[in-house]
There are 2 protein chains.
Amino acid sequence: MSRFAGRLLRLQRISDDFAAMSFDLDAFLPYRLAVAATQVSRRFAARYEAQAGLSIPEWRVLAHLSRSGAVSVRDITARVNLDKSIVSRAAARLEGAGYLRKSGHGTDQRLVVLDLTDSGRALMDQLGCIADAFQAELLAELGDDAPAFRRALLKLGGPTD
Amino acid sequence: MSRFAGRLLRLQRISDDFAAMSFDLDAFLPYRLAVAATQVSRRFAARYEAQAGLSIPEWRVLAHLSRSGAVSVRDITARVNLDKSIVSRAAARLEGAGYLRKSGHGTDQRLVVLDLTDSGRALMDQLGCIADAFQAELLAELGDDAPAFRRALLKLGGPTD
DNA sequence: AAAATACCGTTGCAGGTGCAACGATGTCAA
DNA sequence: TTGACATCGTTGCACCTGCAACGGTATTTT
């Protein structure tokens, strides 16, 4: 038995490789997803940083406001997947930069209503063009996989998680 | 004047909707990608947090080491898409927890070689099972879109960006 | 009506992240 | 050989994020 020890170890090592396969991080979906998100986010930030030095939360708030019109912080928080504190601070910075204004709600004094200024709308028009161009670029890179990719993202990032 | 201003703004917004179509954040790929990545990352963290309170960088370093064997901090930063400072701190914590050892490189004293301890390998065996199970779950949710999704992630997050 | 409860937005705080600078080591050129 | 330059890992620092607590307001209960 003892003279087979070395051979047994080799066999065990090999069988481990087949059985446990030690785990391949590069093929792990959550990892690939995180890496792709980071890369894409950086690429996009580089595009709009030239136009305005916005952070990602600021960008999201601005984009949502441009479509929803006047709306409360609470609504944005729910819609944009950001903590309310982040939305609050982003709104404060955007207000300081003159891109939106805050006003009280008529019937519910707890609510703070956010609305874009003309300056904010003008900025968002530019950023919207940049965003559309960037998205077109991404879609071109994805080619035929784009539709499935979009569906998959909706499944994974949907609100019912 | 304030009443006129409000009315003008409303009109302008409506015309913007027709002209520029304002931009739909919900359909914006970088946004969906970021949201999906956050959600999946949270779900996965909840799974392995029960086994060990690892941060994402610690998890990545551990996973990479389990496959690559003894390797320097520099190698890990390159393959794992993390800043070297983050890898350095993650390695320090993992060393403190007894999951890896640091040792000097024979010929190049600048390098710090990282290697898993038995404890680290044992932990990684468990985490690998959890990861595989979670990935299977994700693939089931994605269904037919899974292959295209994987291809797309590789295109977007590839090292050639 | 008064009290208890729930909700909204802000703020303080601990921890993580990204970047740049640093000391230490290695490499190359004069 | 020596000096200039590059590389490696750590650390300091400013910023951002996530969470919890808070004051202020609405809603429900008694």
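On a predicted model such as this, the values are computed, not experimentally measured, just so you know. Each chain gets a letter, A, B and so on, in the order its sequence line appears, and its residues count up from 1. Every heavy atom of this structure was used, including side-chain atoms; hydrogens, water molecules and symmetry mates were not.
One interatomic measurement links the two molecules: CD1 of B:Ile56 to P of C:dG15, which rounds to 18 Å at whole-angstrom precision. In this structure, A:His105 places its NE2 atom 11 Å from P of D:dT27, rounding to the nearest Å. Rounding to whole angstrom units, CD of residue B:Glu49 and C1' of D:dG18 are separated by 13 Å. As a whole-Å value, the separation of A:Arg60 CZ from D:dC16 P is 15 Å. Atom pair B:Asn81:CG and C:dG18:C1' shows a separation of 14 Å (rounding to whole Å applied). Here the P atom of nucleotide D:dT17 and the CD1 atom of B:Ile86 are 14 Å apart, to the nearest Å.
Each of C:dG9, D:dT17, D:dT25 was ranked by its minimum atom distance to the side chain of A:Gln109; first place goes to D:dT25. Distances were taken from every side-chain heavy atom of B:Leu111 (C-beta onward) to each of D:dT17, C:dT17, D:dG9; the shortest belongs to D:dG9. Distance from the side chain of B:Arg74 is smallest for D:dC8 among the nucleotides D:dC8, C:dC8, D:dC19.
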Next item on the list: Please lay out, stage by stage, how A:Leu127 and B:Phe23 fare under the test side chain to side chain contact (heavy atoms under 4.5 Å, CB included).
Entry: CA-CA 9 Å; A:Leu127 292 182; B:Phe23 181 73; over 6 Å; no
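Note on A:Asp108: only backbone sugar-phosphate atoms sit closer than 4.0 angstrom, heavy atoms only; bases stay farther off. Counting non-hydrogen atoms under 4.0 angstrom, A:Ser55 reaches nothing in the nucleic acid. As judged by a 4.0 angstrom heavy-atom cut-off over every strand, B:Thr107 is placed among residues touching the sugar-phosphate backbone only. Nucleic acid contact for B:Thr77: none, since no nucleic acid atom lies under 4.0 Å from a heavy atom of the residue.
Residues A:Asp75 and A:Arg89 both approach DNA chain C. Their nearest nucleotides, taken by heavy-atom distance, put A:Asp75 toward the 5′ side. For A:Thr38 and A:Val112, each mapped to the nucleotide of DNA chain C holding its nearest heavy atom, the one lying further toward the 5' end belongs to A:Val112. Looking at which nucleotide of DNA chain D each of A:Asp83 and A:Arg93 is closest to, the 5′-most match is held by A:Arg93.
Considering only side-chain N and O atoms, A:Arg110 lies nowhere under 4.0 angstrom from the phosphate OP1 or OP2 of D:dA26. At the phosphate of D:dC8, neither OP1 nor OP2 sits under 4.0 Å from any side-chain N or O atom of B:Lys102. In terms of phosphate contacts, A:Ser88 brings a side-chain nitrogen or oxygen within less than 4.0 Å of OP1 or OP2 of C:dT10. At the phosphate of D:dA20, neither OP1 nor OP2 sits under 4.0 Å from any side-chain N or O atom of A:Lys84. The phosphate of D:dC19 (OP1 or OP2) has no side-chain N or O of A:Ser85 nearer than 4.0 angstrom. Dashed line: the shortest gap from a side-chain N or O of A:Arg42 to OP1 or OP2 of C:dG18 is under 4.0 Å.
In summary, A:Arg47 and A:Glu137 engage in a salt bridge, as defined by a charged side-chain N under 4.0 Å from a carboxylate O. Look at B:Glu95 and B:Arg89 and you find no salt bridge, because none of the NZ, NE, NH1 or NH2 atoms lies under 4.0 Å from a carboxylate O. Using a 4.0 Å cut-off between charged nitrogen and carboxylate oxygen, B:Lys155 and A:Asp145 count as a salt-bridge pair. Ion pair B:Lys102/B:Asp115 not flagged as a salt bridge, since none of the NZ, NE, NH1 or NH2 atoms sits closer than 4.0 Å to an Asp/Glu carboxylate oxygen.
If you take OG on A:Ser66 and NE2 on A:His64, they are separated by 9.0 Å, rounding to the nearest 0.5 Å.
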